[in-house]
Student: 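Sharing a structure here in structure tokens format.
Note: hydrogens, waters and symmetry copies are ignored here, and every other heavy atom, side chains too, is used.
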Amino acid sequence: MISVNDFKTGLTIEVDNDLCTVIDFQHVKPGKGAAFVRSKLKNLRNGNVIEKTFRAGENVVRAHIENRAVQYLYNSGSEYTFMDNETYDQFNLDKKQLEWEVNFLKENMTVNITSYQGEILGINLPNNVDLKVVETEPGIKGNTATGATKNAKLETGLNVQVPLFINEGDVLLINTTEGKYISRA
């Protein structure tokens with residue numbers, strides 16, 4: 001059990017039999033009445049964000065989330081196969097669980113998996129990944145005023161906006177939280 005007065009961003013708790021991560025919280029002390037904590041929570045099972053108000057001093061159950069390093073092996077249709085780096089056990093995750101992460105997964109890539117009491121909640125990607133450009137238009141010199149960009153398709157199928165000097169075959173550093181170009185790798 002943990003008091004709502006001890007909330008921190010990123011803390012994982014159980015609320016109404018759901019696992020939630022604290023995204024934002026605010027301690028409110030009105031002039032009249034008791035203090036309370038207004039919080040914004042993200043459900044780890046379905047991704048919904050809810051706002052919930054707790055009375056000051058109220059206790060909630062703290063959820064102990066386990067993170068393990070796993071290796072992405074391959075995908076077959078809508079199933080993505082991973083292998084635990086310690087036990088060498090293989091398991092599949094459905095494409096619905098990996099909607100955003102699919103854009104950055106390359107074979108033999110090491111990622112962290114998040115689980116709670118044996119239930120796999122999702123994967124955590126590194127902040128940046130190196131991806132190869134497979135398709136882009138050639139940049140035309142002279143049509144730039146400031147910071148001109150063009151569309152590029154990466155090896156995973158993700159489309160990103162890149163500067164005009166990027167060519168097919170270049171390896172780029174891509175931010176996994178926003179899906180944006182950072183630099184050449």
Student: Does the side chain of Ile2 reach to within under 4.5 Å of the side chain of Leu11, using non-hydrogen atoms?
Tutor: yes
Student: Would you check if the side chain of Trp100 reaches a backbone N or O of Thr176 as a donor-acceptor pair within less than 3.5 Å?
Tutor: yes
Student: How many angstroms lie between CG in Asn167 and CD in Glu137, if you round to the nearest 0.5 Å?
Tutor: 11.5 Å
Student: Would you confirm whether Asp94, through its side chain, and Gln97, through its main-chain N or O, come within 3.5 Å as a donor-acceptor pair?
Tutor: no
Student: Is the CZ atom of Phe165 crowded by more than 12 outside heavy atoms at less than 6.0 Å?
Tutor: yes
Student: Kindly indicate whether the side chain of Glu66, heavy atoms from C-beta on, has any atom under 4.5 Å from the side chain of Tyr116.
Tutor: no
Student: Are Glu14 and Arg62 ion-paired here, with the side-chain N under 4.0 Å from a carboxylate O?
Tutor: no
Student: Hey, any chance Phe25 and Leu44 share a hydrophobic cluster, counting ILVMFWY side chains that come within less than 4.5 Å of each other, even indirectly?
Tutor: no
Student: Is there a side-chain contact between Asp84 and Arg68 (heavy atoms, below 4.5 Å)?
Tutor: yes
Student: Got a second to check how far Thr110's OG1 is from Asn112's CG, nearest 0.5 Å?
Tutor: 9.0 Å
Student: For the pair Glu58 (side chain) and Arg55 (backbone), establish whether a donor and an acceptor sit closer than 3.5 Å, ignoring hydrogens and angles.
Tutor: yes
Student: For Arg184 and Leu172: C-alpha separation, side-chain torsions, deciding distance, then whether side chain to side chain contact (heavy atoms under 4.5 Å, CB included) applies.
Tutor: CA-CA 4 Å; Arg184 283 184 178 165; Leu172 307 179; 4.3 Å; yes
Student: Could you check whether any side-chain heavy atom of Leu41 comes within less than 4.5 Å of a side-chain heavy atom of Val22, counting everything from C-beta outward?
Tutor: yes
Student: Hey, quick one: are Leu19 and Ile123 part of the same hydrophobic cluster, counting side-chain heavy atoms closer than 4.5 Å, chains of contacts allowed?
Tutor: no
Student: With side chains defined as the heavy atoms from C-beta onward, is the minimum distance between Thr136 and Lys150 less than 4.5 Å?
Tutor: yes
Student: Over 60° means perpendicular and under 30° means parallel, so tell me whether Phe91 and Phe82 are parallel, tilted or perpendicular.
Tutor: parallel
Student: Which heavy atom in Ser3 sits nearest to a heavy atom in Gly57, and how many Å separate them?
Tutor: OG-CA, 4.0 Å
Student: Cation-pi check for Phe54 against Lys52: NZ or CZ below 6.0 Å from the six-membered ring centre and within 45 degrees of the axis, yes or no?
Tutor: yes
Student: If I compare all heavy atoms of Leu73 with all of Met83, which pair ends up nearest, and what's the gap?
Tutor: CD1-CB, 3.8 Å
Student: Within the supplied structure, the quantity of interest is the number of heavy atoms (other residues, nucleotides, ligands) at a distance under 6.0 Å from Glu86 CD; does it exceed 12?
Tutor: no
Student: Under the criterion salt bridge (charged side-chain N to carboxylate O under 4.0 Å, His left out), I'd like the reasoning laid out for Arg45 against Glu119: C-alpha separation, chi angles, the key distance, then a yes or no.
Tutor: CA-CA 10 Å; Arg45 291 191 175 113; Glu119 175 190 359; 3.0 Å; yes
Student: Check whether Tyr72 and Ile120 end up in the same hydrophobic cluster, where Ile, Leu, Val, Met, Phe, Trp and Tyr are linked by side-chain heavy atoms less than 4.5 Å apart.
Tutor: yes
Student: Quick check for you: to the nearest 0.5 Å, what is the distance between Glu101 atom CD and Leu93 atom CG?
Tutor: 9.5 Å
Student: When hydrophobic residues are tied together by side-chain contacts of less than 4.5 Å, even through go-betweens, does Ile166 share a cluster with Leu164?
Tutor: no
Student: Using a distance-only test with no angle check, is there a side-chain donor-acceptor pair under 3.5 angstrom linking Thr114 and Asn124?
Tutor: yes
Student: Nearest 0.5 angstrom please: Asn127 CG to Thr177 OG1, how far?
Tutor: 7.0 Å
Student: Treating Ile, Leu, Val, Met, Phe, Trp and Tyr as nodes and any side-chain heavy-atom pair under 4.5 angstrom as an edge, say whether Val133 and Leu105 lie in one connected cluster.
Tutor: yes
Student: Output, in order, the C-alpha distance, side-chain angles, deciding distance and verdict of side chain to side chain contact (heavy atoms under 4.5 Å, CB included) for Phe104 and Leu158.
Tutor: CA-CA 8 Å; Phe104 308 101; Leu158 178 69; 3.5 Å; yes
Student: Going by an N to O cut-off under 4.0 Å, is there a salt bridge joining Lys132 and Asp170?
Tutor: no
Student: If I take atom SG from residue Cys20 and atom CD1 from residue Ile13, how far apart are they, to the nearest 0.5 angstrom?
Tutor: 6.0 Å
Student: Would you say the side chain of Ser39 lies within less than 4.5 Å of the side chain of Glu51, judging by non-hydrogen atoms?
Tutor: no
Student: Is the closest side-chain heavy-atom distance between Thr53 and Val37 below 4.5 Å?
Tutor: no
Student: Side chain to side chain contact (heavy atoms under 4.5 Å, CB included) between Lys95 and Tyr80: does it pass, once the steps are laid out?
Tutor: CA-CA 7 Å; Lys95 189 173 187 172; Tyr80 288 78; 3.9 Å; yes
Student: For a quick check under 3.5 Å, do Asn103 and Thr156 share a side-chain donor-acceptor pair by atom type?
Tutor: no
Student: Report yes if the side chains of Val171 and Asp130 come closer than 4.5 Å at any heavy-atom pair, otherwise no.
Tutor: yes
Student: Measuring from atom CD1 of Ile50 to atom CG of Asp16, what distance do you get when rounded to the nearest 0.5 angstrom?
Tutor: 7.0 Å
Student: Before you tell me yes or no, could you show the steps for Ile23 and Val49 under side chain to side chain contact (heavy atoms under 4.5 Å, CB included), namely the whole-Å CA-CA distance, both residues' side-chain angles and the distance that decides it to 0.1 Å?
Tutor: CA-CA 9 Å; Ile23 297 173; Val49 177; 4.1 Å; yes
Student: So which atom in Val134 and which in Glu155 form the shortest heavy-atom distance, rounded to 0.1 Å?
Tutor: CG1-CA, 3.9 Å
Student: Determine the minimum heavy-atom distance between Lys29 and Ala35, stating which atoms define it.
Tutor: CG-CB, 3.9 Å
